[in-house]
Amino acid sequence: MGLSGASKSKIVTGDGGYILEDVPHLSDYISDLPTYPNPLKTNPAYSVVKQYFVHEDDTVVLKIIAHKSSLRGLHFRRAGPRKKVYFNPDDVHACIVTCGGLCPGLNTVIREIVCGLDSMYGVKKVLGIEGGYKGFYSRNTIPLSPKVVNDIHKRGGTVLGTSRGGHDTTKIVDSIQDRGINQVYIIGGDGTQKGASFIYEEVKKRGLKVVVAGIPKTIDNDISIIDKSFGFDTAVEEAQRAINAAHVEAESGENGIGVVKVMGRYSGFIAMYATLASRDVDCCLIPESPFYLEGPGGLFEFIDRRLKENGHMVLVIAEGAGQELLGSRHSSESKDASGNKLLRDIGLWLSQKIKDYFSKHTKMAINLKYIDPTYMIRAVPSNASDNVYCTLLAQSAVHGAMAGYTGFTVGVVNGRHSYIPFDRITEKQNKVVITDRMWARLLSSTNQPSFLSAKDIADGRKEETSSGLSSTGDSANGNLVKK
Ligand SMILES: Nc1ncnc2c1ncn2[C@@H]1O[C@H](COP(=O)(O)OP(=O)(O)O)[C@@H](O)[C@H]1O
Ligand SMILES: O=P(O)(O)OC[C@H]1O[C@](O)(COP(=O)(O)O)[C@@H](O)[C@@H]1O
Ligand SMILES: [Mg+2]
């Protein structure tokens with residue numbers, strides 16, 4: 001096996017086209033670090049475990065579908081406890097920060113980092129950074145202990161507070177250094193993980209023995225590589241409530257139309273999954289699938305037909321869908337503090353357009369109810385399965401940090417917890433692939449128009465092939481399956 005140290009990423013190659021995209025380790029830039037036996041070995045709770053530690057060569061494959069002639073392809077380091085740790089638990093001073101928008105499960109991840117550090121490794125010093133990245137240099141900190149975080153998983157939001165913007169690498173690393181922090185746990189989405197990568201680079205430049213570990217968060221499920229982000233299931237479940245309400249309203253009125261807007265800036269996963277789960281939805285509109293309103297094959301024609309057939313209909317729209325139809329707003333004011341494009345309210349706009357169309361062009365009196373549950377969906381506590389998921393993610397992050405790995409995001413890849421380099425996580429966003437079988441399943445469940453011409457479909461296929469990623473068409477979650 002050869003190690004290519006020239007590039008930014010740590011690539012290890014092996015036989016049969018095997019590639020390990022490894023994560024950095026403290027020992028890459030600090031020599032002669034002392035190691036300690038992992039205290040899990042003597043932890044009575046873990047005495048039942050047959051194999052205490054993850055083998056140091058264990059890796060997780062990215063491409064799970066293989067052919068006879070397939071290369072073994074890209075792998076990531078498997079997460080989990082290691083035989084040796086690079087920190088004496090008494091010397092650990094950890095901190096946790098949450099950044100970006102809310103997401104169900106944030107408090108669970110905070111809780112389980114604190115409890116995992118304490119119960120598995122005996123680490124007692126953990127600090128909560130208030131209010132996101134800017135909290136490192138402008139806000140207070142909260143000492144966190146298992147007692148302090150005991151009940152927080154039952155609450156929505158984040159007990160630490162969060163924010164957008166304010167990422168100042170120098171000030172953040174100064175604060176880490178001044179406080180003597182040596183493990184930094186950063187919970188946040190794609191923007192946050194980019195920020196975490198800068199923190200890691202600066203820490204390395206200063207030669208500090210500080211681990212930087214990311215835990216990916218977003219209800220939009222738009223983080224690539226990982227199977228699914230925590231809180232997504234909860235968000236979909238919550239979106240169902242709004243869809244149910246819209247259906248009840250629509251069904252009860254004459255020519256009732258229920259319009260529900262859900263989050264999803266660039267990716268329509270919440271809308272797609274909520275639609276597939278509900279079966280009451282007649283049309284689902286997502287950012288990845290452009291649509292048009294008027295003329296043959298347009299949305300108005302479809303709504304008209306559905307109302308005549310069923311007497312009511314439910315439409316679910318992701319906030320990022322159809323933005324091009326609204327026209328652009330002055331670019332100076334259209335970004336948030338983190339640089340994310342601010343979107344106009346497509347749900348409200350579309351509802352008005354539908355009302356206008358029916359009053360001007362038909363004799364049909366419609367009864368439209370617009371429901372916007374966006375913030376309700378992400379402000380709830382995580383459900384049972386997300387709670388367990390958050391616990392495992394937090395523990396994987398703790399194991400990685402104690403083992404001296406750094407510059408990584410922890411994530412589940414094909415069902416296995418893995419350590420993924422920051423750059424890999426942030427290089428592109430996860431999107432619904434509308435030429436994939438999952439979107440076809442949705443189209444077949446709603447019977448809505450695809451709004452695609454034969455040329456659009458052919459172009460989409462060409463694009464996937466040329467980007468080196470192609471869909472097998474049968475992925476379980478509607479993501480690309482990398483070949
Ligand atoms: N390219 C970037 N470089 C450094 N920091 C970033 C970058 N993008 C976002 N951030 C920081 O990450 C935090 C969260 O980003 P944001 O985009 O709001 O949410 P999310 O992490 O959920 O995508 C903010 O404090 C922001 O300043
Ligand atoms: O109003 P806010 O707080 O900026 O959040 C809105 C955004 O939050 C999200 O739910 C998630 O965004 P992040 O993952 O960047 O936090 C987007 O879908 C939505 O546009
Ligand atoms: Mg983001």
Can you name the side-chain hydrogen bond (donor to acceptor under 3.5 Å, both in side chains) partners of D57, sequence neighbours left out? none

Output every pair passing ring-ring contact (aromatic ring centres under 6.0 Å, His included) with a member in residues 84-110, not counting sequence neighbours, ordered by first then second residue. H25-Y86

Partner residues of D91 under the salt bridge (charged side-chain N to carboxylate O under 4.0 Å, His left out) criterion, sequence neighbours left out: none

Kindly write out the residues that satisfy side-chain contact (heavy atoms from CB on, under 4.5 Å) with S445, not counting sequence neighbours, or none if the list is empty. L276, R279

Suppose we screen for side-chain hydrogen bond (donor to acceptor under 3.5 Å, both in side chains). Which residues come up paired with E21, at least two apart in sequence or across chains? R424

Nearest atoms (heavy-atom pairs only) where I243 meets A274: CD1-CB, 3.6 Å

According to ring-ring contact (aromatic ring centres under 6.0 Å, His included), does anything in residues 180-210 pair up with another residue at least two apart or in another chain? List the pairs. none

Sort and list the pairs that fulfil salt bridge (charged side-chain N to carboxylate O under 4.0 Å, His left out) and have at least one residue in residues 177-199, not counting sequence neighbours. none

Looking at G100 and T162, what are the two nearest heavy atoms and their distance? O-OG1, 2.7 Å

With E288 via side-chain hydrogen bond (donor to acceptor under 3.5 Å, both in side chains) - residues at least two apart: none

Nearest heavy atoms of S119 and N43, plus distance in Å: O-ND2, 3.0 Å

Could you name each residue pair satisfying side chain to side chain donor-acceptor pair (under 3.5 Å) that touches residues 390-415, not counting sequence neighbours? Y121-H399, Q193-T409, S396-H417

Check for a donor-acceptor pair, side chain of S267 on one end and backbone N or O of V432 on the other, with a separation under 3.5 Å. no

Under a 4.0 Å threshold between the charged nitrogen and the carboxylate oxygen, would D28 count as salt-bridged to K204? no

Taking only residues two or more places apart in sequence or in another chain, which ones pass side-chain hydrogen bond (donor to acceptor under 3.5 Å, both in side chains) with E56? none

Would you say the side-chain atoms of D386 pair up with the backbone N or O of F230, donor to acceptor, closer than 3.5 Å? no

Which pairs, with at least one residue in residues 206-225 and sequence neighbours excluded, count as a salt bridge (charged side-chain N to carboxylate O under 4.0 Å, His left out)? D174-R206, E202-R206

Pairwise salt bridge (charged side-chain N to carboxylate O under 4.0 Å, His left out) hits with a residue in residues 65-89, at least two apart: D22-R77, D58-R78

